[in-house]
Amino acid sequence: MMQAWLQKNSSIDVEDMERHDKWLCMMWPRLHLLHELLSDDGVIFISIDDNEVHNLRLMMDEIFDGSNFIACLPTVMNLKGNNDEFGFAGTHEYTFCWAKDKTLAQIGEFKLDEEELTTWLEDDYGYYKKGANLKSTGVNAPRVKRPNLYYPIFINQNNKLTVAEDLSKKENYRKLFPITDGEEMSWRWSKEKVSVESHNIIVERTKSGINLFKKQRPSLGDLPTKKPKSLFYKPEYSSGNGTVVLKQIFGNREVFNNPKPVQLLKDLISLATKQNDIILDSFAGSGTTAHAVLALNKEDGGNRKFILVECECYADTTTAERVRRVINGVENATNENLRDGLGGSFTYCTLGEPIDEEGMLTGETLPTYEDLAHYIAYTATGSALTSIRKQKDYCFGETNSIRFYLIYEPALEFLESNKSALDGKRTEQIAKACKETGKKAYVYAPQKFVSQKELTDIGITFCQLPYNIHRISDA
């Protein structure tokens with residue numbers, strides 16, 4: 001349905017008074033479906049330019065709920081700017097982020113490079129750097145507002161801390177209160193927290209006195225990281241980099257306009273996923289998302305999986321072909337990983353013809369035996385059979401516990417005749433085969449001449465065509 005709509009409305013220009021309506025009609029069902037597919041703790045990233053950004057925000061707030069909005073990230077794709085634009089040279093697009101449920105979602109942080117890591121110190125407990133003053137500031141800092149946080153901290157000459165007054169009397173400890181400019185204030189930490197985490201306090205001595213600061217530890221894991229900023233910029237995000245990589249993969253021929261840079265997708269995926277998550281790209285384009293997933297997996301040993309959806313004619317020749325090449329390696333590529341190949345695997349699938357129940361009843365649209373058998377097997381079990389082979393008794397395949405039978409020919413004359421029925425003779429043959437294999441049988445046919453009670457007693461489930469094509473929970 002979506003593809004048919006796109007073909008009908010493929011030529012939309014700035015003179016089209018309904019262009020915004022048509023864009024919304026295209027996006028609305030897709031976004032509803034993506035919301036349904038998204039895991040409860042999942043997030044969605046959407047890249048967009050100025051043309052429909054206002055409509056996207058309103059639509060997403062309705063589908064995902066405005067309370068689940070995370071960020072609008074202006075993303076610099078062309079630092080030089082597009083001088084063809086009026087008034088200002090455009091440098092950015094937007095990357096929007098919503099969560100399905102913001103209370104469950106997690107956004108990670110970026111790793112530090114070697115130069116940034118030098119600003120951190122290390123003690124017996126790991127990395128740290130100087131954080132906020134332990135004395136509170138602001139309107140709630142005075143002692144009268146938080147009297148329980150006004151207490152003495154004792155410090156000796158070796159900068160050892162304690163809040164135990166008995167211990168302080170035995171040694172040469174100095175008593176320190178949270179006082180600023182003669183006004184009694186409060187500590188940020190409780191007495192209990194200071195006692196337990198005294199190793200997380202920095203003692204700084206100056207001519208004017210002693211100051212205490214919190215040790216800022218890495219917020220995620222053991223290594224320091226940095227929170228991503230709401231303005232997304234790295235030189236690697238340049239749209240030109242996406243084009244350069246694609247030319248290395250396909251030679252100098254141009255196969256796709258404005259491909260996304262791999263580093264941008266890698267960063268978004270690393271921030272929003274764990275190493276075993278599934279990443280779905282419903283507008284796959286040139287396949288950058290799969291490229292980024294495979295590259296991340298090679299870097300950190302992850303097992304992320306990707307699903308790409310592309311309905312344009314280049315889905316196989318460009319989207320899937322790029323994935324094939326980056327998996328196996330691209331000869332003469334300047335990037336070592338790209339030249340050697342990223343490893344991994346994927347399955348390329350195309351949509352089959354829809355199974356139309358009404359058309360089967362009238363005989364107008366009768367699927368082939370193979371197409372209907374594939375559809376039945378997948379709908380019943382949730383996974384495809386490796387092969388479909390119609391036998392004389394109409395058995396076409398089996399699982400570890402189920403044998404599938406489809407008494408069907410794509411001819412209305414056959415379907416309306418007694419030849420299409422599950423009769424007594426066929427029932428005996430199927431029951432015998434099931435007894436020999438120790439499996440149950442699911443039989444799909446337009447009609448039956450045996451009672452369901454009798455079938456149930458011998459382990460046969462009858463599914464009438466075209467009505468009862470359904471999933472079987474124990475298959």
*Kindly state each residue pair satisfying side chain to side chain donor-acceptor pair (under 3.5 Å) with at least one member in residues 62-81, sequence neighbours excluded.*
Asp65-Ser67, Thr75-Thr95
*Kindly state each residue pair satisfying salt bridge (charged side-chain N to carboxylate O under 4.0 Å, His left out) with at least one member in residues 239-257, sequence neighbours excluded.*
none
*Side chains of Leu412 and Glu416 in contact at under 4.5 Å (non-hydrogen atoms)*: yes
*Determine, stepwise, if the pair Phe306 / Ile278 fulfils side chain to side chain contact (heavy atoms under 4.5 Å, CB included).*
CA-CA 6 Å; Phe306 59 83; Ile278 301 173; over 6 Å; no
*Measure from the ring center of Trp98 to the ring center of Phe69 and say whether it is less than 6.0 Å.*
yes
*Please work out whether the ring planes of Tyr369 and Phe396 are parallel, tilted or perpendicular, with thresholds of 30° and 60°.*
perpendicular
*First locate atom CG of Leu308, then atom OG of Ser282, and finally report the distance between them rounded to the nearest 0.5 Å.*
10.5 Å
*Looking only at non-hydrogen atoms, find the nearest pair between Ser270 and Leu296 and report the distance.*
N-CD1, 4.0 Å
_To check you understand the geometry: which heavy-atom pair defines the closest contact between Leu294 and Gly344, and what is its length?_
CD2-CA, 4.3 Å
*Mind checking the OH-OG1 spacing from Tyr442 to Thr399? Nearest 0.5 Å is all I need.*
9.0 Å
_Pair Tyr128, Glu122 - check side chain to side chain contact (heavy atoms under 4.5 Å, CB included), show working._
CA-CA 6 Å; Tyr128 73 93; Glu122 194 171 6; 5.7 Å; no
_Could you tell me if the side chain of Lys260 sits less than 4.5 Å from the side chain of Ser47, heavy atoms only?_
yes
*May I have the step-by-step check of salt bridge (charged side-chain N to carboxylate O under 4.0 Å, His left out) for Asp41 and Lys274, ending in yes or no?*
CA-CA 11 Å; Asp41 63 347; Lys274 302 180 185 69; 3.8 Å; yes
*Taking side-chain contact (heavy atoms from CB on, under 4.5 Å) as the test, write out the residues that go with Ala320, two or more places apart.*
Asp316, Arg324, Phe346, Tyr348
*asked:* The criterion is salt bridge (Lys or Arg N to Asp or Glu O under 4.0 Å); which residues satisfy it with Arg188, sequence neighbours excluded?
replied: none
*asked:* Keeping Thr118 on the side-chain end and Glu115 on the backbone end, is there a donor-acceptor pair under 3.5 Å?
replied: yes
*Nearest 0.5 Å, what's the NE2-CD1 distance between His291 and Ile249?*
5.5 Å
*Residue Phe283 excluded, over 12 heavy atoms near CZ under 6.0 Å*: yes
_Can you tell whether the side chains of Asp300 and Lys111 come within less than 4.0 Å, N to carboxylate O?_
no
*According to the salt bridge (charged side-chain N to carboxylate O under 4.0 Å, His left out) rule, which pairs have a member within residues 419-436, sequence neighbours left out?*
none
*Heavy-atom check, side chain of Thr91 versus side chain of Leu79, under 4.5 Å*: no
*Return the set of residues passing salt bridge (Lys or Arg N to Asp or Glu O under 4.0 Å) with Asp101 (not counting sequence neighbours), or none when no residue passes.*
none
*Can you find a pair of side-chain heavy atoms, one from Leu385 and one from His374, that are under 4.5 Å apart?*
no
*Would you check if Asn297 and Val293 make a side-chain contact, meaning some heavy-atom pair closer than 4.5 Å?*
yes
*Residue list, side-chain hydrogen bond (donor to acceptor under 3.5 Å, both in side chains) with Thr368, at least two apart or on another chain*: Asp371
*CD of Gln447 to CG of Asn418: how many Å apart, nearest 0.5 Å?*
6.0 Å
*Where do Leu246 and Phe256 come nearest, in terms of heavy atoms and distance?*
CD2-CB, 3.7 Å
*Would Leu112 and Thr119 satisfy side chain to side chain contact (heavy atoms under 4.5 Å, CB included), going step by step from the backbone distance to the final call?*
CA-CA 10 Å; Leu112 300 184; Thr119 64; 5.6 Å; no
*Does Glu109 reach the side chain of Lys226, with side-chain heavy atoms less than 4.5 Å apart?*
no
*Would you give the length of the straight line joining atom CE of Met60 to atom CZ of Arg57, rounded to the nearest 0.5 angstrom?*
10.0 Å
*In sequence, state the C-alpha distance, the side-chain angles, and the governing distance for Phe232 and Leu268, and then conclude on side chain to side chain contact (heavy atoms under 4.5 Å, CB included).*
CA-CA 10 Å; Phe232 247 48; Leu268 294 176; 3.6 Å; yes
*Do Tyr94 and Asp50 come within less than 4.5 Å of each other through their side chains, counting heavy atoms only?*
yes
_Under-4.0 Å salt bridge between Asp123 and Lys215_ = yes
*side chain to side chain donor-acceptor pair (under 3.5 Å): pairs with one or both residues in residues 228-244, sequence neighbours excluded*: Lys234-Asp267, Tyr237-Asp267
*asked:* Applying the side-chain contact (heavy atoms from CB on, under 4.5 Å) criterion to Tyr444, which one of Leu422, Ile407, Leu465, Thr461 satisfies it?
replied: Leu465
*Using salt bridge (Lys or Arg N to Asp or Glu O under 4.0 Å) as the criterion, list what pairs up with Glu409, not counting sequence neighbours.*
Lys390
*Is there a side-chain contact between His199 and Asp124 (heavy atoms, below 4.5 Å)?*
no
*Could you tell me which residues satisfy salt bridge (Lys or Arg N to Asp or Glu O under 4.0 Å) with Asp457, sequence neighbours excluded, listed by chain and number?*
Lys453
*When you look at CD of Glu413, are more than 12 heavy atoms from neighbouring residues, nucleotides or ligands closer to it than 6.0 Å?*
no
_Euclidean distance, Met59 CE relative to Leu56 CG, rounded to 0.5 Å_ = 5.5 Å
*Shortest non-hydrogen contact from Gly285 toward Tyr314*: O-CE1, 3.7 Å
*Arg403 and Thr437: side chain donor to acceptor below 3.5 Å*: no
*With no hydrogens and no angle check, is any side-chain donor or acceptor of Glu310 less than 3.5 Å from a backbone partner on Glu312?*
yes
*asked:* Could you report the tightest heavy-atom contact between Ile70 and Ala99, atom names first, then the distance?
replied: CD1-CB, 3.7 Å
_Any donor-acceptor pair under 3.5 Å from Ser286 side chain to Pro259 backbone_ = no
*Verify whether one side chain among Asn200 and Arg217 offers a donor that lies under 3.5 Å from an acceptor in the other.*
yes
*asked:* Tell me whether Leu351 at atom CG has more than 12 heavy atoms from other residues, nucleotides or ligands lying less than 6.0 Å away.
replied: no
*Assess whether atom CD of Gln464 is packed by more than 12 heavy atoms of other residues, nucleotides or ligands within 6.0 Å.*
yes
*Taking only residues at least two apart or on different chains, which pairs with a member in residues 329-342 satisfy side chain to side chain donor-acceptor pair (under 3.5 Å)?*
Gln248-Thr334
_Under the side-chain contact (heavy atoms from CB on, under 4.5 Å) test, residues paired with Lys100 that sit two or more places apart_ = His35, Leu38, Asp40
*Distance-minimising heavy-atom pair for Ile458 and Ala431*: CD1-CB, 4.0 Å
